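Here's the structure, in structure tokens; my notes come after.
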Amino acid sequence: MLKRFSQARPFATLGIVAAAWFVLPVFAKALLRAGFYEFTAPFPVAASYARDLQYIWSLRLHTNLQLIEAGRDLERLNGFYEYSVQQNTALQSEISNLEEALHLPPLPRYRMETARVAQRDFTGWWQRLVIRKGRNFGITAGSPVIFTGGVVGRVAEVHAFTSVVELVSSPDFRVAALIDGDARPLSFQGGINRPFAPARGSIEFVPLDIAVQASAPRRLVTSGLGGVFPAGLTIGQVTGIDPSTDGLFKTGTVSLDPRLAGLTEVTVLVLPDEGVRSQPLNSPSELRSWDLTP
Amino acid sequence: MRRTLAIFLTSLILWAVLGRLNDALSVARVTLFGGGLFVAYAAFTLPLAEGLGAALLAGALLDAGAPVRFGTHALILGGAATLIFALRERLPHDQAGGRVGIALAANAAIFLALSAAHLGARAAAAGIWPRLGSDLLLSELFVALAAPWFFALQAQTLRYVPRDPDGMF
């Protein structure tokens, strides 16, 4: 009897620990989780700073001629962007005039917060990024995250100095979308990410008359409906559409941008507090507080 | 308690190394998982309370950054540590090869248990298993390569930490 109890003692101990854990109040668990997260947060952040420093040192190896060429290319880009900024300012004032004339409620405007990526965590279970800005920069949970190629994902958790972004390729990510050139909304969901291959997602509720072939993919963009994402942001390329089992709609496959796997910098679109309305961009130096009207 | 914290410190180092490796491997869309390493050495060398404590702390470390109910990893790692502890007299834990084998088996079991816990109903989607299979295969390779180094690190760390005089088990 005593021997049998001795054999069961490890499992009895585990059972007591598990029972104690289940009856622990939720706030105590939340406190423990936050404590563990903030305790470990400096590790990926420090590593990402080291990577940035390494990058800067590698840039110092470039010759003067290469730097001159890069400067020349940047000047051309700046010229193009300044022209775009002027166009944007004119369009913003036109929107304001129309809102005023038609007595429309103002569209939400976002504050753009650029953040460096501290760590990427792309398991088969989820795909997430840790970025180096959190509550200290006013990041809010649920904010859309974008990069030059389109949608990156959505802020899932906000911590003191970091935030966690759920990637567009994550199986739990969903957003209302449109196929470019068609006004009917459909549903996009992140998919199963195969190893050694670009990420994919899927679309549902595709109208029957839409057809796409792999040789001529069509752009999938955010619809701006029922969510936080502004309209018109690229999600990916629809590469194929098949009839669904119910016969009422079609389903499709979406290829996501391969650059998502190697992101080092993203932009969070933070919705300002109610009643606060940011000013539009007037000069390139204001890029970090540029408004984006959905 | 001191030995538990010493083992936790080594787990923290392994967690940081794995984080950087997975960050670098994200371009290839593969992930390394080292759950077996977090529990194996503590379970076959330390008393139950210290080994289980170290496994629970390592699990809490993994839980903090994961989109799961807090305690999921801790309980699964704790369960694995308890099972190894209960069976350790029958396992070849005094040989280097045997220790690596235990770590490999524990790693695979923890990975599959976590997959079932994380995916739930979605586990039925057949498409996810090739990805999980490749992750598990690479993780086992990583554990086989890293286990001798990590066990040596834990053994060296424990050499500098005296045994608790009032150890219960």
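Below, chains carry the letters A, B, ... as their sequence lines are ordered, and counting in each starts from 1. Nothing here was measured: the structure is a model prediction, and the numbers come from that model.
Contacts of A:Phe11 with chain B are made by both backbone and side-chain atoms, with heavy-atom separations under 4.5 Å. Both the backbone and the side chain of B:Leu61 come within less than 4.5 Å of a heavy atom in chain A. Contacts between A:Gln127 and chain B at a heavy-atom distance below 4.5 Å involve the side chain alone, from C-beta outward. With a 4.5 Å cut-off on non-hydrogen atoms, A:Ala118 touches chain B through its backbone but not through its side chain. Proximity to chain A (any heavy atom under 4.5 Å) is restricted, for B:Asp135, to the side chain, taken from C-beta onward. Contacts of A:Arg259 with chain B are absent, with no heavy-atom separation under 4.5 Å from either backbone or side chain. Only the backbone of A:Arg194 comes within contact range of chain B, with heavy atoms under 4.5 Å apart. Residue B:Ser26 touches chain A through both its backbone and its side chain, counting heavy-atom pairs closer than 4.5 Å. Of the two parts of B:Ala81, neither the backbone nor the side chain holds a non-hydrogen atom closer than 4.5 Å to a non-hydrogen atom of chain A.
Among B:Ala66, B:Ala74, B:Gly133, the residue with the largest count of heavy-atom pairs under 4.5 Å with chain A is B:Ala66. When the candidates B:Val30, B:Leu56, B:Val27, B:Thr82 are compared by the number of heavy-atom contacts under 4.5 Å with chain A, B:Thr82 comes out ahead. Comparing B:Leu32, B:Leu25, B:Val68 by how many heavy-atom pairs each has under 4.5 Å with chain A, the most go to B:Val68.
Of residues 17-32 of chain A, those residues lying under 4.5 Å from chain B by any heavy-atom pair are A:Val17, A:Ala18, A:Trp21, A:Phe22, A:Lys29, A:Leu32. Below 4.5 Å, heavy atoms of chain A meet heavy atoms from B:Phe8, B:Leu12, B:Trp15, B:Ala16, B:Gly19, B:Arg20, B:Asn22, all part of residues 7-22 of chain B.
Within the 3.5 Å criterion, the main-chain N or O of A:Arg128 finds no donor-acceptor partner in the side chain of A:Asp121. Side-chain atoms of A:Thr162 do not come within 3.5 Å of backbone N or O of A:Gly134 as any donor-acceptor pair. With B:Asn107 contributing its side chain and B:Gly36 its backbone, the two residues share a donor-acceptor pair below 3.5 Å.
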key: side chain to side chain contact (heavy atoms under 4.5 Å, CB included) between B:Arg69 and A:Arg33, worked out   = CA-CA 10 Å; B:Arg69 191 186 292 265; A:Arg33 179 178 212 138; 6.0 Å; no

message = With side chain to side chain contact (heavy atoms under 4.5 Å, CB included) as the criterion, how do A:Leu167 and A:Val152 come out once you've worked through the C-alpha distance, each side chain's angles and the decisive distance to 0.1 Å?
response = CA-CA 6 Å; A:Leu167 229 67; A:Val152 171; 3.8 Å; yes

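Taking the six-membered ring where the residue is Trp, A:Phe249 and A:Phe205 present perpendicular rings, their angle passing 60° and hence far from 30°.
No side-chain donor from either of A:Arg116 and A:Ser48 sits under 3.5 Å from a side-chain acceptor of the other.
Atom CZ of A:Phe147 has more than 12 heavy atoms from other residues, nucleotides or ligands within 6.0 Å.
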